[in-house]
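Here the structure is laid out as structure tokens; the discussion comes afterwards.
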Amino acid sequence: VKELFSSLGTECYVLELDQVDDGAKIQEVLLEITNQKTVPNIFVNKVHVGGCDQTFQAYQSGLLQKLLHEDSAYDYDLIVIGGGSGGLSCAKEAAILGKKVMVLDFVVPSPQGTCWGLGGTCVNVGCIPKKLMHQAALLGQALHDSRKFGWEYNQQVKHNWETMTKAIQNHIRSLNFGYGLSLREKAVAYVNSYGEFVEHHKIKATNKNGQETYYTAAQFVIATGERPRYLGIQGDKEYCITSDDLFSLPYCPGKTLVVGASYVALECAGFLAGFGLDVTVMVRSILLRGFDQEMAEKVGSYMEQHGVRFLWKFIPVMVQQLEKGSPGKLKVLAKSTEGTETIEEVYNTVLLAIGRDSCTRKIGLEKIGVKINEKSGKIPVNDVEQTNVPYVYAVGDILEGKPELTPVAVQSGKLLARRLFGASLEKCDYINVPTTVFTPLEYGCCGLSEEKAIEIYKKENLEIYHTLFWPLEWTVAGRENNTCYAKIICNKFDHDRVIGFHILGPNAGEVTQGFAAAMKCGLTKQLLDDTIGIHPTCGEVFTTLEITKSSGLDITQKGCG
Amino acid sequence: MHQAALLGGLIRDAPHYGWEVAQPVPHDWRKMAEAVQNHVKSLNWGHRVQLHDRKVKYFNVKAGFVDEHTVRGVAKGGKEILLSADHIVIATGGRPRYPAHVEGALEYGITSDDIFWLKESPGKTLVVGASYVALECAGFLTGLGLDTTVMMRSIPLRGFDQQMSSLVTEHMASHGTRFLRGCTPSQVRRLPDGQLQVTWEDCTTGKEGTGTFSTVLWAVGRVPDTRSLNLEKAGVDTSPNTQKILVDSREATSVPHIYAIGDVVEGRPELTPTAVMAGRLLAQRLFGGSSALMDYDKVPTTVFTPLEYGCVGLSEEEAVARHGQERVEVYHAHYKPLEFTVPGRDASQCYVKMVCLREPPQLVLGLHFLGPNAGEVTQGFAVGIKCGVSYVQVMQTVGIHPTCSEEVVKLRISKRSGLDPTVTGC
């Protein structure tokens with residue numbers, strides 16, 4: 001081996017174990033870290049090559065020469081496992097910076113057999129189809145309003161699920177195609193295979209036919225995302241569907257039971273009710289855990305007033321199929337969480353939306369020692385998204401303690417690539433990330449919930465300004481007053497700094513975005529007061545907030561101006 | 001009425017989203033007008049109630065000055081009343097202008113004062129003007145299914161960013177509104193069947209044109225009715241050009257105890273929220289011990305044309321004029337609202353641009369957004385701009401997905417780079 005390296009003109013650092021005192025100990029450690037007992041034990045550029053045989057093999061195959069030239073030691077500079085919002089963003093940015101990148105994306109079919117193309121959750125079974133179905137439901141309401149504005153049509157308008165779903169799936173397919181094209185244009189290698197680690201710097205890629213291929217890379221980004229959780233009760237996987245299945249369901253779900261209280265549960269229940277379906281939401285305890293509870297309560301209340309039935313404090317214990325069909329008939333037995341009461345009801349569809357689990361347990365992380373939170377499956381990372389294994393990073397929903405949002409994944413993926421390959425130092429800013437829940441009455445927020453603010457700052461140090469409001473478009477439409485609501489939470493001891501922003505009303509996302517940018521700039525109450533409103537809009541209410549919660553004054557609108 | 005027109009568009013989208021509603025759906029002007037008028041009347045009533053609740057005496061009279069502390073009011077029946085006060089605030093606003101030198105303009109044309117109160121549909125309409133009033137009215141008339149033409153002397157939305165203004169009219173033109181550019185009307189006649197015949201001159205060709213319309217709507221500017229105020233009796237100065245009242249930063253006129261706010265004031269934005277705030281601050285200064293002055297800088301606004309245009313801060317032209325091309329960086333993007341995809345709506349004019357200083361951290365000088373719900377999108381960013389937000393800070397803000405407003409925080413392509421600003425995918 002020494003001669004080999006000499007012939008290659010390579011200088012070696014040689015540690016003669018029989019010439020050092022602790023040679024035996026070193027040999028033990030070598031066994032531990034390389035699984036090799038014998039000498040010579042060769043490392044090239046931090047990569048463990050092996051013994052004499054392996055070294056010569058590596059030489060013959062050309063791998064040794066590659067290893068000796070740092071850059072071409074591996075097949076790729078970067079391999080990204082997961083082609084979703086985070087993965088694709090990171091991969092594209094790395095490619096733009098001139099790196100050799102591979103993306104592996106593979107969708108394990110849902111228990112109902114649903115599958116989809118490149119793009120991850122957001123594009124296929126998340127944000128995009130959700131918002132489109134939400135829009136479809138809003139159009140139902142708009143049709144209703146339009147009569148008051150003079151539009152004339154007599155019939156009770158019916159909704160055709162298949163027409164809508166087909167149109168939405170077509171759009172999704174165009175996005176899948178667009179992503180594939182985008183990757184090709186940037187020379188990112190895309191493989192539709194399931195990736196898992198087999199050893200350091202090396203993954204095995206298994207395609208849908210079972211064929212295995214191996215790839216190596218200098219660095220890895222895990223962006224495998226999550227999948228919906230099941231209840232673990234009889235009949236759940238056989239008969240229930242999840243958000244993985246809903247958006248491409250080839251038949252109308254009919255009378256639906258939505259199990260869960262997450263935004264996924266409420267958004268789905270919301271638009272299904274908007275299509276005129278009989279919808280029940282079964283809630284174990286509270287709505288939108290983690291969100292401001294006053295706002296969550298208002299979200300739920302609006303849904304209740306608009307045809308969604310809520311079953312509070314119940315959990316399903318069994319799902320039975322009464323009839324097969326499209327949809328079929330399912331009998332659900334549920335038990336109260338506060339006693340012995342049970343209820344039984346028949347539905348066409350049961351949609352489980354009780355949470356999502358990270359896809360981190362079956363990708364070989366244990367083989368390379370990447371630590372995960374055993375309980376949640378999430379991956380703890382430092383502030384540069386690095387796992388405990390230095391060349392392995394993670395982005396997206398699988399990160400512990402970070403918001404599970406597409407734009408967060410996109411932003412952190414991009415910045416990660418820039419730090420790895422673009423000499424940037426910029427870290428992702430996770431503070432005051434705005435979000436919106438697209439329930440029938442939308443809820444946008446940025447910053448702290450009232451509960452969290454009180455916990456951190458104490459009630460007496462906060463001033464909360466709030467108001468009910470009546471969107472102008474709702475007046476003529478005859479829609480309810482004193483339902484839309486706006487509130488800001490200010491820190492009295494920091495110039496009335498706005499630390500929480502909440503709005504319940506139409507186009508909540510559009511309203512919230514700009515205020516989130518203002519919060520980045522250090523928004524205060526004074527600044528809101530100094531800004532002129534745009535009239536007539538909903539957003540302008542934030543420029544004229546007067547009444548505080550502490551004053552106890554009435555915020556009921558008397559129906560004008 | 002803009003909302004009514006937008007709903008028409010949504011009704012057309014609805015079948016693509018699965019709603020089985022037979023097209024086309026007709027619109028009944030009368031039903032809409034009644035609903036709108038009823039709502040306005042409820043607001044009138046609401047104001048009466050509020051004034052009453054706060055013990056403000058309300059006189060429905062036309063007032064004019066007798067001397068600097070005395071006002072004479074004349075009621076509808078002719079009865080007169082004299083009122084004197086320590087402080088007087090003039091907030092008489094403006095009224096639509098009728099074009100001079102156009103025969104028949106006054107007799108046969110209507111203005112925005114009338115359009116919202118018509119009991120019957122205006123039918124085939126000619127809107128004369130290039131102001132936001134002209135474009136907004138033409139916009140909703142088109143959206144309600146009426147044959148609408150806009151006649152403009154020169155450029156649309158004078159004073160607004162011209163690139164954005166072109167996109168606004170481009171959208172209207174590709175969605176059914178007809179434009180007669182470079183034309184000025186010379187005569188309006190009534191035909192025996194009641195229709196109106198308009199004659200105009202095409203300034204580019206020099207040729208004369210004629211057309212027949214059911215309604216002619218003048219939207220050629222607004223003027224303050226200051227003459228009937230007898231301001232000279234009080235010694236209040238007005239601008240010789242515009243007849244608007246001249247005030248200082250405290251809203252005080254040339255007479256110390258007489259103030260003026262709103263559209264009647266020279267050099268102020270003609271917007272409700274600025275008038276509201278100016279009024280409130282004035283009252284607080286006069287009686288509340290406050291010294292806070294009104295800041296008319298960075299006032300956001302939105303033009304509610306079929307594709308809405310929201311803006312705050314400087315137009316690109318103003319920024320370049322003030323700072324020089326080299327010191328200005330403009331980031332821009334053509335985007336497609338998600339809701340447009342399924343019904344296949346044309347998003348060609350959906351566009352956003354942010355005008356910044358080039359020097360780090362790149363202070364944002366102006367934001368211009370063309371797209372649905374532009375007012376809602378713009379409001380929060382206006383607060384940010386008031387705050388002195390920089391391009392860097394906006395880029396550090398995470399987007400809300402999927403929305404149109406997130407496109408603002410995703411702006412990366414500068415005009416200077418020459419790169420294609422079309423947004424593709426997530």
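So you know, we letter chains A, B, ... as the sequences are listed, proteins then strands, and number each from 1.
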Please state whether the side chain, the backbone, both or neither of T301(B) comes within less than 4.5 Å of a heavy atom of chain A.
backbone
The interface call for M294(B) against chain A, heavy-atom contacts under 4.5 Å, is side chain
The interface call for F304(B) against chain A, heavy-atom contacts under 4.5 Å, is side chain
Could you walk me through whether S405(B) and E510(A) pass the side chain to side chain donor-acceptor pair (under 3.5 Å) check?
CA-CA 5 Å; S405(B) 57; E510(A) 305 297 2; 3.0 Å; yes
Which of the residues L528(A), D530(A), T543(A) is involved in the greatest number of heavy-atom pairs with chain B at under 4.5 angstrom?
D530(A)
When the 4.5 angstrom heavy-atom criterion is applied to R280(B) and chain A, the contacting part is side chain
Test side chain to side chain contact (heavy atoms under 4.5 Å, CB included) on M1(B) and W29(B); report intermediate values, then the result.
CA-CA 10 Å; M1(B) 291 201 173; W29(B) 175 278; 3.9 Å; yes
Is the NZ or CZ atom of R412(B) positioned over Y331(B)'s six-membered ring, under 6.0 angstrom from the centre and within 45° of the axis?
no
Toward chain A, the part of T378(B) with a non-hydrogen atom under 4.5 Å:
both
Salt bridge between E93(A) and R418(A), side-chain N to carboxylate O under 4.0 Å?
yes
Using a strict 4.0 Å threshold on nitrogen-to-oxygen distance, state whether D429(A) and K520(A) make a salt bridge.
yes
Side chain, backbone, both or neither: which part of P15(B) has a heavy atom under 4.5 Å from chain A?
backbone
I'd like to verify something: which residue of C428(A), G119(A), P434(A) has the highest number of heavy-atom pairs under 4.5 Å with chain B?
P434(A)
Non-hydrogen atoms of chain A under 4.5 Å away: do they reach the side chain of V408(B), the backbone, both or neither?
neither
